[in-house]
2 protein chains.
Amino acid sequence: MLTDRQMMILRMIVDNYVISAEPVGSRTISKQTDLGLSAATIRNEMADLEELGYLEQPHASAGRIPSQMGYRFYVDHLLMGDTRLSGQEITRIKSLFTERIGEMERVAQQTALFLSNLTQYTAVVLGPQVYDTTLKNLQLVALNDHTAVLLMVASSGQVYNRTVSMPEGVSLREMESLVRILNARLSGTPMYRIRSRALEEITHEVARHMRDYEEAVHLLDQVVTWLESDKEGKVYLGGATNMLLQPEFRDVHKAQPVLTWLERHHDVMEALRSDESTLQLQVRIGGENDVQSLHDCSLVTATYTIGGLPVGVIGLIGPTRMDYARVIPLLGHLSKGLSDLLTKFYVN
Amino acid sequence: MLTDRQMMILRMIVDNYVISAEPVGSRTISKQTDLGLSAATIRNEMADLEELGYLEQPHASAGRIPSQMGYRFYVDHLLMGDTRLSGQEITRIKSLFTERIGEMERVAQQTALFLSNLTQYTAVVLGPQVYDTTLKNLQLVALNDHTAVLLMVASSGQVYNRTVSMPEGVSLREMESLVRILNARLSGTPMYRIRSRALEEITHEVARHMRDYEEAVHLLDQVVTWLESDKEGKVYLGGATNMLLQPEFRDVHKAQPVLTWLERHHDVMEALRSDESTLQLQVRIGGENDVQSLHDCSLVTATYTIGGLPVGVIGLIGPTRMDYARVIPLLGHLSKGLSDLLTKFYVN
DNA sequence: TGTTAGCACTCGATCGCATCGAGTGCTAAC
DNA sequence: GTTAGCACTCGATGCGATCGAGTGCTAACA
């Protein structure tokens, strides 16, 4: 176990390194501390901390930097109740969510921008994806003789749309009655059960309204498949290029993998979804990330909820040398605000 | 005016530099040409071309690179009918647009990815924005007692949605009749005329169906404002990080402004919209770009159309040392394919 | 036993300097 | 008009000297 003094030194080293991005020397700590310890004493402690695995030395004559384990200890034990957000910042966060909700799309995007602007890191927001959502309504709007738009509204308020071209031999009227039947029979059905219910209960009824049985079944199948298909939430990025501001990514070859990974929204989603748990806040430091490209990064995520159910994730990606003391409470407040807003709207 | 030989040399220099990204020397050209000219002769011609402004010398003892003017001449006069796409590539482009259209969103995104993968540059796609589009249909789907989703389908097939919270004192039924009236009176109206027509013709009728006149007018105003509000097309990027692959952007400080600019979708849109003209293809080389951040880049854009009307833009951004000979016909084919697909769907 | 001053040592960063070589411009000859 | 020859330029590369921040170790001190 670490002594109080060691903890204090570790903490100071992290705090310093987070700001300066340069190895921290014993003299620096000695001057900042008010315990009146000399650099030599600090040096001894630092050597011990290194031996214990909390610190590293880039090269023999340099200062120390925190190891992954050092950051982990810092986050887990040295940050208790240490909120470095100014009161001003907290009110600013709150005010972000007072306005109308409008389009969820916009809320997510703005949250990402807000986060990245405030932190100089890269923000990631996973749009809400409600698992126990039900089908609310289906609409067909004809554009012309052979094309129509199929609209689907989920109970969570999400809207999905798809342009369909009418199959040969199916009239608009037939299509409309198909949709009417689906609406009557399926609204209220959980999304994941749509397919089975549709095939069990409705095939025959649909077929009755259409001349071509084969075509009817085929069409129904297509529509239903789409309805149930994975409507994976979207990924919203903010400040991806902030990555380039960080000294550790000044070299293009360091930055490239991360930025490229960020471009593959599907992978990003997968990585973040896995953190979407009842655990409100997750911190993954360096190698703790499963994703290879993030081994030099830290990922801090918070889950937001609707009516207590986790539906999405907001997060920040930066170098392992991240300002955890600011980032963690920031994400906490923000996810709280977002959850409250969404709950107010969509629960009742 | 340039002699044939000068043109040929200029052309070879551009072709070489595009590939190697290194200044081209006289010996290189001399060996590649089959006219049997010595390096010295080439050198004389190169000196002339430089004096005329078509070439530049990074420093005294280096080879030549094309100037902005050189690229311009190359694009305008040396590229006639020079299609360097393989037959395979052309069929691949065509096959990209044979499938169902599904969601326009996806088509745009995939086009961007396809373009960036094929070229190693950054692709930009401006989602379709139809100016003379009309209102097709309006739908209100209630989610619960105080929240509903308002859907709008435009004649171009685009779908816009917005979550609205019911104002105090307005019942769902009132809201529904408002939407019914709007549908009856406004469908078929050009988007830009919605506001004036609504205010002129409908206010009274709406008020008749609602208890609170003030509230009715206010609500109508809100909805109508949203309907007419600028539904600006979205921007889809592909391969933004490809920028970092280019030697000229190996230095983070060179790449950062461009990537940051690309993140501001609104600015990107503005820049590309201005190229959306009857002119099918636009090439903006280096300083020809109005945007300061693109002064070291070239932007090649092609307009795509629906039924002959320009509605969107696809483009590629790369270093001025861009492979115009490939990029230009590529964008040509792609915009053609996209136009055909969209026209087939949405015109009738 | 913990703390500290002193000191030799390490090692990256920076600078100057020599070298190398691709490529040029110029001149004179063909 | 073309070309061979040649001196010259200038970035790139490599090497060694120097500098300095920071260390580890030792010995003295409280």
Side-chain angles (χ1 to χ4, degrees), chain A residues 1-10 12-14 16-17 19-67 70 247-248 250-251 254, chain B residues 1-10 12-14 16-17 19-67 70 247-248 250-251 254:
Chain A
M1 201 45 210
L2 298 185
T3 65
D4 281 357
R5 200 168 71 181
Q6 284 174 322
M7 288 202 242
M8 185 180 162
I9 292 173
L10 175 55
M12 292 190 84
I13 290 176
V14 175
N16 270 280
Y17 186 59
I19 298 171
S20 70
E22 306 224 317
V24 183
S26 53
R27 249 178 69 87
T28 315
I29 301 296
S30 162
K31 269 190 291 184
Q32 276 179 27
T33 195
D34 43 359
L35 298 180
L37 292 173
S38 79
T41 311
I42 307 288
R43 266 203 299 280
N44 289 329
E45 296 283 32
M46 280 163 113
D48 290 350
L49 281 169
E50 182 172 1
E51 208 167 328
L52 290 168
Y54 295 100
L55 294 180
E56 281 170 2
Q57 218 173 359
H59 58 89
S61 72
R64 300 304 207 294
I65 62 175
S67 67
E248 30 271 277
R250 207 82 65 79
D251 178 7
K254 288 266 185 254
Chain B
M1 202 47 209
L2 298 185
T3 66
D4 282 357
R5 201 168 70 182
Q6 284 174 321
M7 288 200 244
M8 184 178 163
I9 292 173
L10 175 55
M12 294 188 83
I13 290 176
V14 174
N16 271 279
Y17 186 60
I19 298 170
S20 69
E22 305 222 320
V24 184
S26 54
R27 248 177 71 84
T28 316
I29 301 295
S30 162
K31 270 190 290 186
Q32 276 180 28
T33 194
D34 43 359
L35 296 180
L37 291 175
S38 80
T41 311
I42 307 287
R43 267 204 297 282
N44 289 329
E45 296 284 32
M46 281 165 114
D48 290 349
L49 282 168
E50 183 174 359
E51 206 167 330
L52 290 167
Y54 295 100
L55 294 180
E56 281 170 0
Q57 219 172 358
H59 59 90
S61 72
R64 300 304 206 293
I65 63 175
S67 66
E248 29 271 276
R250 207 80 66 77
D251 178 7
K254 287 268 185 252

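Note that these values count all heavy atoms, side chains included, but never hydrogens, waters or copies made by symmetry. Because the structure is a prediction, the values reported are computed rather than measured. Each chain gets a letter, A, B and so on, in the order the sequences are listed, and its residues count up from 1.
Remark: P of D:dT23 and CG of A:Asp48 are 14 Å apart, rounded to the nearest angstrom. Protein atom CD1 of B:Ile29 is 11 Å distant from nucleotide atom P of C:dG23, rounded to whole Å. In this structure, the CG atom of B:Asn16 is 17 Å from the P atom of C:dA22, given to the nearest Å. Atom CD in A:Gln57 sits roughly 14 Å away from atom P in C:dT10 (whole-Å rounding). Computed from coordinates, the A:Glu56 CD to D:dT23 P distance equals 15 Å when rounded to whole Å. Following rounding to the nearest Å, A:Asn44 (CG) and D:dA28 (P) show an atom-to-atom distance of 17 Å. Remark: C1' of D:dG22 and NZ of A:Lys31 are 13 Å apart, rounded to the nearest angstrom. Atoms CG (B:Leu37) and P (D:dG1) sit 13 Å apart, rounded to a whole Å.
Positionally, the nearest nucleotide of DNA chain D for B:Ala39 lies more toward the 5' end than for the other of B:His59 and B:Ala39.
For B:Ala60, taking side-chain heavy atoms from C-beta onward, the closest of the listed nucleotides D:dT3, C:dT24, D:dT9 is D:dT9. Candidate nucleotides C:dA5, D:dG24, C:dC26 were compared by shortest atom distance to the side chain of B:Arg43, and C:dC26 ranks first. Here the side chain of B:Thr41 is nearest to one of D:dT3, C:dT24, C:dT3, namely D:dT3.
In this structure, B:Arg27 does not reach the D:dT3 phosphate: none of its side-chain N or O atoms is under 4.0 Å from OP1 or OP2. Distances shorter than 4.0 Å separate none of the side-chain N or O atoms of A:Ser61 from OP1 or OP2 on D:dG22.
With respect to A:Leu49, the side-chain contact (heavy atoms from CB on, under 4.5 Å) criterion is satisfied by exactly one of A:Arg64, A:Gln6, A:Glu56: A:Gln6. Shown are B:Ile9, B:Leu2, B:Ile29; of these, the side-chain contact (heavy atoms from CB on, under 4.5 Å) with B:Glu45 is made only by B:Ile9.
Across B:Val24 and B:Tyr17, no two heavy atoms sit closer than the pair CG2-N, 3.8 Å. Here the closest heavy-atom approach between residue B:Val14 and residue B:Pro66 is recorded as CG2-CG, 3.7 Å. Of all the heavy atoms in A:Pro23 and A:Ile65, the pair that sits closest is CA-CG2, 3.7 Å.
Base pairing of C:dG25: its partner is D:dC6, meeting the Watson-Crick or G-U wobble criterion (both donor-acceptor distances under 3.5 Å). In this structure, C:dC17 and D:dG14 make a Watson-Crick or G-U wobble pair, each of the two defining distances being under 3.5 angstrom.
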